[in-house]
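Order of the sequence lines sets the chain letters (A, B, ...), proteins ahead of strands, with each chain counted from 1.
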2 protein chains.
Amino acid sequence: MSDDAPTRQRLLREAMRLFGELGYAATSIAMIEQAAGLSPGSGSLYKHFASKQELLSAGLDQLLQGTPELTARLEQTSSRALPRRRADAEAALNAIMVETARAGLARLDQDRDLNRLLFRGLEAFPQLMARFRDEELRRAQDATAALLAGLAEQGSRRISRGQNARGQNLRSKDANGGHEADWDAVAVVFVGAIAHYWLLRDVFGEHPSGIDEDRHVDAIARVAVAALLR
Amino acid sequence: MSDDAPTRQRLLREAMRLFGELGYAATSIAMIEQAAGLSPGSGSLYKHFASKQELLSAGLDQLLQGTPELTARLEQTSSRALPRRRADAEAALNAIMVETARAGLARLDQDRDLNRLLFRGLEAFPQLMARFRDEELRRAQDATAALLAGLAEQGSRRISRGQNARGQNLRSKDANGGHEADWDAVAVVFVGAIAHYWLLRDVFGEHPSGIDEDRHVDAIARVAVAALLR
DNA sequence: CCAACCGGCAAGTAATCACTTGCTGAGGCA
DNA sequence: TGCCTCAGCAAGTGATTACTTGCCGGTTGG
């Protein structure tokens with residue numbers, strides 16, 4: 001299990017895994033040392049990290065660096081062109097949403113420790129939580145909103161005012177007539193649905209409802225397509 | 001803050017609050033005693049509970065007892081009749097979904113400690129997690145699925161086969177022709193979206209996206225209506 | 001009026017916690 | 001060879017942990 005990677009890397013990896021599984025407070029230095037192949041109880045960990053907090057911080061740093069792939073993947077997906085015929089476009093939309101939902105779940109799996117950490121160790125460290133929020137959550141959120149807005153614009157084939165430059169703050173949902181969709185908010189809905197499905201499945205082993213990934217992804221896609229086609 | 005309620009009740013309440021805020025492992029017996037108005041460090045808590053684990057178990061028991069209101073509320077909502085005219089029906093559907101989403105958020109707020117506990121203390125106690133899953137999550141899930149199925153049936157005004165008796169296991173999504181919606185899975189999507197919005201807002205103070213409750217509820221309702229109207 | 005009980009407190013217990021100190025042996029370099 | 005560096009370890013440090021023991025004042029019931 002613990003290979004011949006440099007000791008510091010093994011410590012970081014095992015620490016993040018244990019923090020994610022047991023929580024920061026419930027994970028002892030000795031456990032981390034043992035998991036990394038060092039003698040438990042010896043202070044050997046402190047040859048590499050000054051404190052438990054610094055270990056957490058360094059671990060979060062490393063996890064947050066392998067991150068900005070989903071963004072690229074989503075933006076790549078959103079640049080696709082849809083077929084002209086309505087039925088074909090609907091099928092293509094469905095395929096895109098299925099693919100996106102699966103990409104989201106895969107990314108959550110890949111960053112399993114990082115996502116677990118948010119609820120099992122970060123709550124006492126506001127600055128680390130802020131980093132997670134800005135470098136992980138907001139990116140996924142924005143990329144998804146951009147994808148949805150792009151698909152909706154392409155689907156409805158009508159030029160929206162102002163080139164639809166959705167930047168940071170479009171707080172006014174009443175300003176746009178009250179009939180255009182609030183894709184930022186809709187993105188929160190879908191990202192939240194996927195993230196929560198993943199979270200519950202991670203916590204319980206399988207989702208409490210018994211619904212498997214295929215059914216959930218299909219439901220997400222179907223609902224999203226319904227929303228996109230007005 | 002700590003009133004004149006019986007000591008056992010104060011201990012339970014403060015313990016659940018602290019477990020939810022700090023996590024089970026990071027909350028000490030002394031902290032709970034102090035929060036309940038007892039002398040911290042004295043073992044006075046042990047006059048009422050045999051161990052820290054029993055305290056957690058008893059607290060979860062109590063929290064799970066104040067629970068089955070949302071179910072009733074949802075079932076009450078779902079029994080309403082929709083207007084006949086399509087435009088009116090759409091507005092009524094939207095209102096129902098807004099109301100339901102708000103009820104869900106209110107219930108999450110009301111059971112704040114209980115919901116926090118799932119991620120910050122229960123992971124080491126599988127049997128307590130199982131109780132939470134069966135007595136809290138599945139109920140909300142089933143009630144929401146029943147609401148959606150009822151609304152869809154009413155909206156499409158066509159009798160589905162078999163009186164639509166959706167009980168525990170309708171695993172087969174291919175058996176229904178592939179075109180009828182999987183309302184159990186759709187319910188997971190919406191319940192997950194609401195729960196995750198609440199969770200992130202609870203963890204960060206406000207939702208990382210900056211989207212407020214009104215916008216989110218509106219988005220949920222709009223998407224749900226789109227899904228319900230095919 | 002007395003005895004039994006009970007809830008709270010002070011002061012423990014042993015274990016565990018994060019972290020430190022001093023040593024050791026291996027590796028690099030002169 | 002001689003010396004320095006350094007990762008790792010054993011054995012500590014004091015603080016904190018969950019939990020226990022013995023005592024006490026108040027209430028209650030006979």
_Exam field: side chain Asp111(B) to backbone Leu114(B), donor-acceptor pair closer than 3.5 Å_ = no

*Arg10(A) side chain to Ala36(A) main-chain N or O, any donor-acceptor pair under 3.5 Å?*
yes

_From CG (Leu122(A)) to CE (Met129(A)), nearest 0.5 Å_ = 7.0 Å

*Atom CG of Leu45(A) to atom C1' of dC17(C): distance rounded to whole Å?*
14 Å

*Protein-nucleotide distance (Gln9(B), atom CD; dG7(C), atom C1'), rounded to Å*: 16 Å

_Nucleotide dT20(C), atom P - distance to CZ of Phe49(A) in whole Å_ = 15 Å

*Does a side-chain N-to-carboxylate-O contact under 4.0 Å join Glu213(B) and Arg201(B)?*
yes

*Can you figure out which of dC17(C), dC19(C), dC19(D) approaches the side chain of Ser28(A) most closely?*
dC17(C)

*Quick one: is Thr7(B) getting a side-chain N or O under 4.0 Å of the dG8(C) phosphate, OP1 or OP2?*
yes

_Tell me the interatomic distance from Glu33(B), atom CD, to dA10(C), atom P, rounded to whole angstroms._
11 Å

*dA18(C) OP1/OP2 closer than 4.0 Å to side-chain N/O of Ser51(A)*: no

_Distance check needed: dA7(D) P versus Leu11(A) CG, whole Å only._
12 Å

*asked:* So, does Ser44(A) get its side chain near the phosphate of dG8(D), meaning an N or O under 4.0 Å from OP1 or OP2?
replied: no

*For dA11(C), take OP1 and OP2 only and decide whether either is under 4.0 Å from a side-chain N or O of Ser42(B).*
no

*Starting at CE of Met31(B) and ending at P of dT17(D), how long is that distance when rounded to a whole Å?*
8 Å

*Just how far, in rounded Å, is P of dC9(C) from CD1 of Ile29(B)?*
15 Å

_Chi angles and distances behind the side chain to side chain donor-acceptor pair (under 3.5 Å) call for Gln34(B), Glu14(B)_ = CA-CA 9 Å; Gln34(B) 189 165 44; Glu14(B) 298 302 322; over 6 Å; no

*Could you check how far OH of Tyr46(A) sits from P of dT21(C), rounded to whole Å?*
13 Å

*Please determine if a side-chain N or O atom of His48(B) lies less than 4.0 Å away from the OP1 or OP2 oxygen of dC6(C).*
no

*Considering just the side-chain nitrogens and oxygens of Lys47(B), establish if one lies under 4.0 Å of OP1 or OP2 belonging to dG8(C).*
no

